[in-house]
Amino acid sequence: MLNRREFLQAGGAALLSPTLTEALPIAEGGGLPMAICTWDRLKANEAAKAVLEKKGRALDAVEAGVKVQEADPNDTSVGYGGLPDRDGHVTLDACIMDEKGNAGAVTYLEHIMHPISVARLVMEKTPHVMLSGAGALRFALANGFKKTNLLTPQSEKIWKEWLKTAKYKPIVNVERHDTIGMLVLDAQGDMSGACTTSGMAFKLNGRVGDSPIIGAGLYVDNEVGGACATGVGEFVMRTLGSFLLVELMRQGRTPQQACEEAIGRIVKGKTKDDFRDFQVGYLAVNKKGEYGAYSIQQGFNFALYQNGQNRVIESDYWLK
Ligand code: SD4
């Protein structure tokens with residue numbers, strides 16, 4: 001691991017904004033088992049913890065953890081109760097990776113409460129990594145999943161309200177930013193990750209975000225660590241954020257340095273979208289259980305279960 005001086009000598013400073021180089025953080029955290037997830041999802045961590053306390057596998061812990069959010073009708077960004085696209089369809093994206101580098105994903109999946117479990121089945125029971133749309137639904141139903149109406153009265157009401165103006169303008173942190181990405185290191189030192197979402201509310205029908213894309217919304221390499229993303233997926237997909245984070249850690253960055261550098265790639269990009277209008281938040285964890293978090297805007301937080309404590313921590317951010 002590079003310390004601050006070595007990092008700067010290696011040219012890291014050039015990649016960061018002047019303000020950031022003043023406050024290069026040392027590694028935070030450490031210790032296993034641990035679970036970390038995007039946003040203040042303490043209950044999701046509790047579910048992961050229940051698996052970890054029984055010396056369970058990280059893969060089972062991430063699945064159990066994110067399923068809490070998928071089933072929660074009040075979480076309007078994930079699974080049941082997720083806000084629909086502009087035509088009223090709730091379409092879900094999810095992916096999962098285990099400690100061996102196996103991966104499974106579903107995109108544009110409708111009517112199924114737990115897309116993460118379908119993604120896991122894709123990983124474990126098929127020769128493929130990703131199933132989409134009608135095929136993913138057929139696969140889920142053939143494997144015993146039940147059809148559910150995912151549009152709750154609450155999410156239908158919000159959608160109908162939106163239709164009155166039908167303006168697509170995601171609002172930072174307030175709107176549609178509760179996607180859960182979770183990383184777990186089990187007591188055996190193995191890491192898995194999961195990411196699941198209903199995507200950006202009122203998106204165009206057919207839109208798929210970063211969350212089910214291996215390397216964008218989630219990436220795990222059991223030799224190095226893992227990363228996950230939340231926020232406007234288009235920025236994450238263009239920069240393959242989670243893969244970038246893991247590769248930066250492989251090169252010696254702390255998880256925090258990696259998160260800051262990956263956000264730097266977005267804010268220094270030259271795409272037509274102005275990053276100032278949008279939020280992206282990254283989490284990264286290395287094999288020691290050291291973690292990092294960074295976002296474009298103020299307001300990103302995450303839940304950390306480590307050393308027996310489960311708590312919410314506010315992330316540092318770029319736009320000061
Ligand atoms: C997406 N990244 O579909 C997801 C949205 C999200 O919290 O993270 N919401 O672009």
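Every heavy atom of this structure was used, including side-chain atoms; hydrogens, water molecules and symmetry mates were not. In each ligand, atom 1 is the first atom listed, and ligand 1 is the first ligand listed.
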Ligand-side contact atoms (ligand 1) for residue partner [X], heavy atom cut-off under 4.0 Å:
X: S211; answer: 2 (N), 4 (C)
X: T230; answer: 6 (C), 7 (O), 8 (O), 9 (N)
X: G199; answer: 3 (O)

*Please step through side chain to side chain contact (heavy atoms under 4.5 Å, CB included) for the pair M34 and L183, ending with a clear verdict.*
CA-CA 8 Å; M34 61 95 68; L183 303 161; 5.9 Å; no

Just distances here: any N/O of [X] and N/O of ligand 1 closer than 3.5 Å?
X: R207; answer: yes
X: V232; answer: no
X: D93; answer: no
X: E234; answer: no

*Selected option - heavy-atom contact closest to atom 2 (N) of ligand 1, from T179, T76, D210*: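 Ranked by closest heavy atom to atom 2 (N) of ligand 1, first place is D210.
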
*Counting heavy atoms only, which of G231, G209, C228 is nearest atom 5 (C) of ligand 1?*
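The residue whose heavy atom sits nearest atom 5 (C) of ligand 1 is G231.
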
_Which residue in the set E247, E261, E290 passes salt bridge (charged side-chain N to carboxylate O under 4.0 Å, His left out) when paired with R253?_
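Single salt bridge (charged side-chain N to carboxylate O under 4.0 Å, His left out) partner of R253 among E247, E261, E290: E261.
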
_Check K43 with E46, please: is the shortest side-chain N to carboxylate O separation under 4.0 Å?_
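Result for this pair is no, no salt bridge flagged.
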
*Decide yes or no on side chain to side chain contact (heavy atoms under 4.5 Å, CB included) for L304 and R311, but give the supporting numbers first.*
CA-CA 5 Å; L304 175 73; R311 62 205 166 108; 3.8 Å; yes

*asked:* For D87 and N205, which I'm curious about, is there any donor-acceptor pair between the side chains at under 3.5 Å?
replied: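 Short answer, no.
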
*Answer yes if the side chains of T179 and S77 hold a donor-acceptor pair under 3.5 Å, and no otherwise.*
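Per modelled atom types, T179 and S77 side chains form no pair under 3.5 Å.
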
*R238/D273 under salt bridge (charged side-chain N to carboxylate O under 4.0 Å, His left out): CA gap, chis, key distance, verdict*: CA-CA 12 Å; R238 288 179 193 130; D273 302 318; 3.0 Å; yes

*Within less than 4.0 angstrom of ligand 1, does S77 place any heavy atom?*
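It does not; every heavy atom stays at 4.0 Å or beyond.
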
*Could you tell me whether ligand 1 has any atom less than 4.0 Å away from a heavy atom of K203?*
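K203: no contact with ligand 1 (<4.0 Å).
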
*asked:* Does the plane of the ring in W39 sit parallel, tilted or perpendicular to the ring in F300? Use 30° and 60° as the thresholds.
replied: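 Perpendicular, since the angle between the ring planes exceeds 60°.
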
